[in-house]
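What follows is a short report on a single structure.
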Amino acid sequence: SPKSRKYVARAGRQFVYEGLGGFTLDGGKLRVKIGKRFSATAYGGTIPGPSFFTYNQVNRWDRRNAIGGRVNVKATEAFAFNISFLQKNQNDILDSRLMGFDYLCKRERFTHRLRFDYDLYNKRPRYISFSPRYNYSQGHSIRIEYSYRKASFGANSIFSVIKPNPVHQVRTNGTFKIDEALFGLGTISYTKYSDNSNLSLRVGGSLNGHSGGIVYSNGYGGSKIGFFGNLRRSLNDDLKLYANIDMYNIKLETDLEESETLVAAAFGGRYSITKQINARVEVQVRTNPLYDYDTRGYLRLDYSLFKKIIKAEQAGGDAK
């Protein structure tokens, strides 16, 4: 697999996710692994768009560029940490410079993570997160997370003159194992803004990969109540079907009498035509105050010249 190789290099348009990443880059990325406990990744290139005609325009180096990297150290079998750096420049002027540190510690049933991002340009913390988790022997688990974030705007952004206020959030996730296939799920979070707050609750369950539940929130940003559902079905090794639906009644302000209904649904499937050719078809339906009935179709065909490339791309995964 790519993770076991000593050297991995990529060039072209790609998404950078390592460390302080989270953006599209037109450039190159190199990963070097030394032994079983040390690896380093470096990347550099231009950042695409936006232009008057398209967001995906390939920029010149002096227009928008980024350089950065991450060092990963597995100190012991139970403790690993990362040190990250990212710098973005625009029009030959420094736009932002960030430094990050995070670690993961595992002790039998107890796991805890910490992440700390520091804005070197504005000289202040940008994001802090601490998340301990405990797994019970019966299969239950509980996780508590505290996060602090303070928005950082690039020096070239028109929003850089704004002095953002910090946002604090406390969130608790619980999983209750009923049997081998059935689980109860719950999340409650409280978010504190400078002069307001929001309380959110999500309760549901999962059965053999299917999931569903109810959602409620109230406070800053209005109120929301509704439900969600996700279904998965494998007809055979080559064909997999899925359906997702979210339906909510919302009020943009809590004191409003009337509410709006939002519905978003997706139905689709993935089919392996051959070992190298895969197809995905999806139909999306949504209704909201702007669109009474909006339907979209999505078709994707993937062809890979090498089987190893398929595995490398699948290793990244995707999440909702």
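Predicted model only: the values in this text are computed from it and were never measured.
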(message) Any non-hydrogen side-chain atom of Tyr216 less than 4.5 Å from a side-chain atom of Ser200?
(response) no
(message) Rounded to the nearest 0.5 Å, what separates atom CG in Asn249 from atom CZ in Phe227?
(response) 10.0 Å
(request) Any chance you could lay out the side chain to side chain contact (heavy atoms under 4.5 Å, CB included) test for Leu94 and Tyr121, step after step, and finish with the verdict? (result) CA-CA 9 Å; Leu94 176 65; Tyr121 182 82; 3.7 Å; yes
(request) Report the C-alpha separation of Tyr134 and Tyr136 in whole Å, then their side-chain angles, then the decisive distance to 0.1 Å, and conclude whether the ring-ring contact (aromatic ring centres under 6.0 Å, His included) test is met. (result) CA-CA 6 Å; Tyr134 187 80; Tyr136 294 87; 4.9 Å; yes
(request) Please indicate whether Phe38 has more than 12 foreign heavy atoms, meaning atoms of other residues, nucleotides or ligands, lying under 6.0 Å from its CZ. (result) yes
(message) According to a hydrophobic-cluster definition based on side-chain heavy atoms being under 4.5 Å apart (Ile, Leu, Val, Met, Phe, Trp, Tyr only), do Phe130 and Val170 belong together?
(response) yes
(message) Salt bridge or not between Asp179 and Lys177? Use side-chain N to carboxylate O under 4.0 Å.
(response) no
(request) Please check if Ile67 and Leu25 belong to a single hydrophobic cluster, counting links between Ile, Leu, Val, Met, Phe, Trp and Tyr side chain heavy atoms closer than 4.5 Å. (result) no
(message) Between Glu145 and Arg143, does any NZ, NE, NH1 or NH2 come within less than 4.0 Å of an OD or OE carboxylate oxygen?
(response) yes
(message) Measuring from atom CZ of Arg280 to atom CZ of Arg300, what distance do you get when rounded to the nearest 0.5 angstrom?
(response) 7.5 Å
(message) Could you walk me through whether Asp102 and Phe116 satisfy the side chain to side chain contact (heavy atoms under 4.5 Å, CB included) test, starting with their C-alpha distance in whole Å, then the side-chain angles of each, then the deciding distance to 0.1 Å, before giving a yes or no?
(response) CA-CA 6 Å; Asp102 64 274; Phe116 180 82; over 6 Å; no
(message) Is it the case that over 12 heavy atoms from other parts of the model lie below 6.0 angstrom from the NZ atom of Lys106?
(response) no
(message) With a 4.0 Å cut-off on N to O distance, would you call Lys29 and Glu18 a salt bridge?
(response) yes
(request) Would you kindly confirm whether Leu241 and Tyr271 end up in one hydrophobic cluster when ILVMFWY residues are joined by side chain heavy atoms under 4.5 Å apart? (result) yes
(request) Could you pull out the closest heavy-atom pair between Trp61 and Gly45, with the gap in Å? (result) CZ3-O, 3.6 Å
(request) Examine Arg107 relative to Phe79 and say whether NZ or CZ is less than 6.0 Å from the centre of the six-membered ring and inside a 45° cone about the ring axis. (result) no
(request) Could you tell me whether a side-chain N or O of Ser272 sits under 3.5 Å from a main-chain N or O of Thr274, the two making a donor and an acceptor? (result) no
(request) Compare all side-chain heavy atoms of Phe228 with those of Arg202 and state whether any distance is below 4.5 angstrom. (result) yes
(request) Working to the nearest 0.5 Å, report the span between CD1 of Ile250 and OG of Ser259. (result) 8.5 Å
(request) Report yes if the side chains of Thr191 and Val167 come closer than 4.5 Å at any heavy-atom pair, otherwise no. (result) yes
(message) Between Tyr148 and Tyr146, is the ring centroid distance below 6.0 Å?
(response) no
(message) List the residues meeting side chain to side chain contact (heavy atoms under 4.5 Å, CB included) with Ser194, not counting sequence neighbours, and say none if there are none.
(response) Asn165
(request) Check Arg233, His210, Glu282 against Tyr242 for a side chain to side chain donor-acceptor pair (under 3.5 Å) and give me the one that passes. (result) Glu282
(request) Report yes or no: do Val203 and Ile188 belong to one cluster of Ile/Leu/Val/Met/Phe/Trp/Tyr joined by side chain heavy-atom distances under 4.5 Å? (result) yes
(request) Measure the spacing between CG of Asp62 and CD of Gln90 and express it to the nearest 0.5 Å. (result) 11.0 Å
(message) Checking Asp302 against Asn278: is there a side-chain donor and acceptor pair closer than 3.5 Å?
(response) no
(message) Determine whether Thr24 and Arg13 satisfy the following criterion, side chain to side chain contact (heavy atoms under 4.5 Å, CB included), listing intermediate values before the conclusion.
(response) CA-CA 7 Å; Thr24 301; Arg13 177 157 294 185; 3.7 Å; yes
(request) Would you check if there is a donor-acceptor pair between the side chains of Arg133 and Asn135 at a distance under 3.5 Å? (result) yes
(message) Please tell me whether Asp95 and Asn89 have a donor and an acceptor in their side chains that are separated by less than 3.5 angstrom.
(response) no
(request) I would like to know whether Phe101 and Arg115 meet side chain to side chain contact (heavy atoms under 4.5 Å, CB included); could you show each step before the answer? (result) CA-CA 6 Å; Phe101 171 82; Arg115 176 174 171 176; over 6 Å; no
(request) Report yes or no: does Gln14 contribute a side-chain atom to a donor-acceptor pair with the main-chain N or O of Gly27 at less than 3.5 Å? (result) yes
(request) Search all heavy atoms of Pro164 against all heavy atoms of Ala151 and return the closest pair with its distance. (result) CG-O, 3.2 Å
(message) Keeping Lys240 on the side-chain end and Asp237 on the backbone end, is there a donor-acceptor pair under 3.5 Å?
(response) yes
(message) When you compare the side chains of Tyr103 and His112, does any donor N or O come within less than 3.5 Å of an acceptor on the partner?
(response) yes
(message) For Asn236, is the CG atom crowded, meaning more than 12 foreign heavy atoms sit under 6.0 Å from it?
(response) yes
(message) Starting from Met99, can I reach Val16 by hopping between I/L/V/M/F/W/Y residues whose side chains sit under 4.5 Å apart?
(response) no
(request) Say whether, by atom type as modelled, one donor and one acceptor occur between the side chain of Tyr193 and the main chain of Tyr220 under 3.5 angstrom. (result) no
(message) Can you confirm whether Tyr7 is buried at OH, in the sense that more than 12 heavy atoms of other residues, nucleotides or ligands lie under 6.0 Å from that atom?
(response) no
(request) Please tell me if the side chains of Leu98 and Asp119 come closer than 4.5 Å, counting only heavy atoms from C-beta onward. (result) yes
(request) Over all heavy atoms of both residues, which pair between Leu120 and Phe85 is shortest? Give the atoms and the distance, please. (result) CD1-CE1, 4.2 Å
(message) Checking side-chain polar atoms at under 3.5 Å, does Ser211 have a donor or acceptor matched by the opposite partner on Asn230?
(response) yes
(request) Evaluate the side-chain proximity of Leu239 to Ser234: yes if any heavy-atom separation is below 4.5 Å, no if none is. (result) no
(message) If you compare all heavy atoms of Asp117 against all heavy atoms of Gly100, which two are closest, and at what distance to 0.1 Å?
(response) OD1-CA, 3.9 Å
(message) Quick one about Thr187 and Asn173 (side-chain donor to acceptor, distance below 3.5 Å, no hydrogens or angles considered), yes or no?
(response) yes
(request) Find out whether the Lys NZ or Arg CZ of Lys88 is both under 6.0 angstrom from the six-membered ring centre of Phe23 and within 45° of the ring's axis. (result) yes
(request) Would you name the heavy atoms of Arg232 and Gly209 that are closest together and state the gap between them? (result) CG-O, 4.2 Å
(request) Verify the neighbour count for atom CD of Glu180: are there more than 12 heavy atoms of other residues, nucleotides or ligands below 6.0 Å? (result) no
(message) I want to check something: taking the side chain as every heavy atom from C-beta on, are Leu201 and Val215 in contact at a cut-off of under 4.5 Å?
(response) no
(message) Can you tell me how far apart OG (Ser189) and CG (Leu199) are? Round to the nearest 0.5 Å.
(response) 7.0 Å
(request) Taking the side chain as every heavy atom from C-beta outward, state whether Pro125 and Lys150 have any pair of such atoms under 4.5 Å apart. (result) no
(message) Just to verify, what does Arg37 make a salt bridge (charged side-chain N to carboxylate O under 4.0 Å, His left out) with, not counting sequence neighbours?
(response) Glu77
(request) Measure the OG-CZ distance between Ser129 and Arg113 for me, rounded to the nearest 0.5 Å. (result) 9.5 Å
(message) Can you give me the closest heavy-atom contact between Asp195 and Lys192, atom names plus distance?
(response) N-NZ, 4.4 Å
(request) May I ask you to check whether Gln284 and Arg296 show a side-chain donor-acceptor distance below 3.5 Å? (result) no
